[in-house]
Protein chains: 2
Amino acid sequence: MNLEEVARLAGVSRSTVSRVVNGDAKVSASVRARVQDVVREHGYHPNAAARSLASRRTRILGLLIPRASGAIFSDPFFPVLIQGAVDACNHADHNLMLLMDTDEEAPTAEGSRLHRRVLRGRHLDGVAVAASVVDDPVVALLRKERLPFVLIGRHPDPAVAYVDADNRGGSRAAVAHLVAHGRRRIATIAGPRTIRAGRDRLDGYRDALAAAKLPSNPALIGDGDFSRRDAHRATHALFGQPP
Amino acid sequence: MNLEEVARLAGVSRSTVSRVVNGDAKVSASVRARVQDVVREHGYHPNAAARSLASRRTRILGLLIPRASGAIFSDPFFPVLIQGAVDACNHADHNLMLLMDTDEEAPTAEGSRLHRRVLRGRHLDGVAVAASVVDDPVVALLRKERLPFVLIGRHPDPAVAYVDADNRGGSRAAVAHLVAHGRRRIATIAGPRTIRAGRDRLDGYRDALAAAKLPSNPALIGDGDFSRRDAHRATHALFGQPP
DNA sequence: CTGTTAGCGCGTTCAT
DNA sequence: ATGAACGCGCTAACAG
């Protein structure tokens with residue numbers, strides 16, 4: 001069942017059916033109704049590939065998760081991220097393609113599968129990149145392919161679009177809240193300094209302490225890697241501190 | 001840059017280029033080399049949509065995760081599942097589309113987005129279904145669409161393909177191992193009986209006890225829901241038992 | 001082994 | 001408002 005058949009059954013041209021299917025306004029009510037009946041009755045649905053070929057859009061968005069962040073298994077952030085991406089795609093009537101490099105190959109190399117098949121094949125309308133590493137080379141690649149993209153997590157280059165939580169501000173607000181409640185000995189468990197979010201939150205913590213004229217005690221800064229395990233360990237260590 | 005251009009530059013026909021690109025053996029070595037040079041030099045890569053339209057294959061596989069299993073966030077199984085699916089797709093030079101229903105709509109209804117756009121649009125070559133619920137109605141849907149699919153987790157109907165761990169056998173082997181080491185008082189923390197895996201593993205436990213002629217003591221069977229929390233609680237409860 | 005010829009199913013001018 | 005005609009880029013018979 002394709003456009004052609006629907007057109008025949010409805011006694012109109014393919015163009016008209018296409019217009020109805022795509023919600024084009026320039027179709028008389030009667031014709032529209034007739035076409036819609038046929039569509040419904042025969043369960044017609046446009047073929048995605050043909051549509052993509054003609055329209056030059058795939059209605060597929062990519063979510064690129066660097067394998068490097070092997071944290072996919074431990075960090076509870078990823079399931080949430082994935083779920084959110086899928087939801088957003090659903091709402092926009094798009095589909096989500098999950099892109100992760102497989103260990104063996106350099107993910108950003110010119111010849112990588114990702115690069116070859118997905119990016120060059122124009123398989124995607126755009127891609128969101130869960131950039132773990134600052135200055136990920138994938139950025140250059142995406143630019144060269146002229147594929148619209150957005151980074152998840154701040155990026156130094158002001159020209160690249162990104163979305164991120166306000167890590168520093170949030171951290172600062174949390175600590176300020178404790179200060180406002182009279183606390184004066186406030187600890188934090190900081191993430192790796194190699195990761196932006198880790199640095200930013202620690203900065204926010206320090207911001208708030210400084211604003212409250214509280215001393216910054218290194219002994220009150222625990223270390224973690226965003227995992228439960230580390231958080232657990234660091235918490236115990238902190239509580240083991242002398243008061 | 002498309003087949004046509006490559007053909008022109010290499011002084012051959014489109015078909016020949018297509019053959020080279022698709023690894024068809026019936027091309028002379030010299031011509032093949034010439035074509036490959038042009039391809040590499042100009043960074044040609046076949047357009048996915050056009051290819052799909054002509055070949056009637058998308059090289060996209062779906063991974064359907066029912067939202068119902070809200071466990072996506074807590075159950076560490078899902079990240080592993082997703083990762084595994086992506087890896088398998090990568091190896092087979094396919095891509096993975098992630099399918100999850102969004103809360104608001106009945107996932108299996110005829111008019112659901114999933115059904116309309118993805119299944120009927122022939123967007124996928126096949127789909128793997130992380131079936132949580134026994135007798136998921138999505139099975140009927142997939143059958144009707146004649147879309148190849150495989151369930152992740154056992155299914156009652158022998159006609160549907162599924163992959164699963166050998167829960168019963170694995171459990172039996174684990175317990176038998178303890179028995180072989182002289183243990184005679186063996187406990188288990190069983191999953192929900194409503195879930196196949198839970199029942200199967202408990203059955204395996206009982207199998208092994210029976211085979212060893214050991215009594216089955218209900219007090220040694222803890223309850224859990226596959227979560228860390230429950231496992232922790234149940235373990236404490238078991239250790240609290242009188243010896 | 002290579003080229004020619006048809007489509008694949010749809011979007012999109014351009015006339016009417 | 002509707003239809004005719006063309007093109008999207010590629011695969012797949014079919015000849016030769």
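Labels below follow one simple rule: chain letters A, B, ... track the order of the sequence lines, proteins then strands, and each chain is numbered from 1.
- Remark: Arg172(A) engages Asp207(A) in a salt bridge, criterion side-chain N to carboxylate O under 4.0 Å.
- Distances shown here put a side-chain N or O of Arg56(A) below 4.0 Å from the OP1 or OP2 atom of dG9(D).
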**Request:** Determine, stepwise, if the pair Arg122(B) / Asn47(A) fulfils side chain to side chain donor-acceptor pair (under 3.5 Å).
**Result:** CA-CA 6 Å; Arg122(B) 305 247 64 106; Asn47(A) 176 294; over 6 Å; no

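- Residue Ser18(A) is classed as a base contact, given a heavy-atom separation below 4.0 Å to a base.
- Asp203(B) contributes no side-chain N or O that, together with a main-chain N or O of Arg168(B), makes up a donor-acceptor pair within less than 3.5 Å.
- The base of dG9(D) lies outside donor-acceptor range of the side chain of Arg14(B), with no N or O pair under 3.5 Å.
- OP1 or OP2 of dT11(D) has not a single side-chain nitrogen or oxygen of Ser15(B) nearer than 4.0 Å.
- With hydrogens and angles ignored, a donor-acceptor pair under 3.5 angstrom links the side chain of Arg19(A) to the base of dG3(D).
- For dG3(D), one of the phosphate oxygens OP1 or OP2 lies less than 4.0 angstrom from a side-chain nitrogen or oxygen of Thr16(A).
- Taking 4.0 angstrom as the limit, Asn22(A) places a side-chain polar atom (N or O) nearer than this to OP1 or OP2 of dG11(C).
- Rounded to an integer number of Å, the gap from CG of Asn47(B) to C1' of dG9(D) is 6 Å.
- Between the side chain of Ser55(B) and the base of dA12(D), no donor-acceptor pair under 3.5 Å is found.
- Annotation: of the two residues near DNA chain C, Arg32(B) and Ala49(A), the 5′-most nearest-nucleotide partner is Arg32(B).
- With a 4.5 Å cut-off on side-chain heavy atoms, Ile82(B) and Leu98(A) count as touching.
- Across all strands shown, Leu53(A) has heavy atoms under 4.0 Å from base atoms, whether or not it also approaches the sugar-phosphate.
- At a threshold of 4.0 angstrom between heavy atoms, the contacts of Val12(A) are confined to the sugar-phosphate backbone, with no base atom among them.
- Between the base of dG11(C) and the side chain of Arg57(A) there is no donor-acceptor pair shorter than 3.5 Å.
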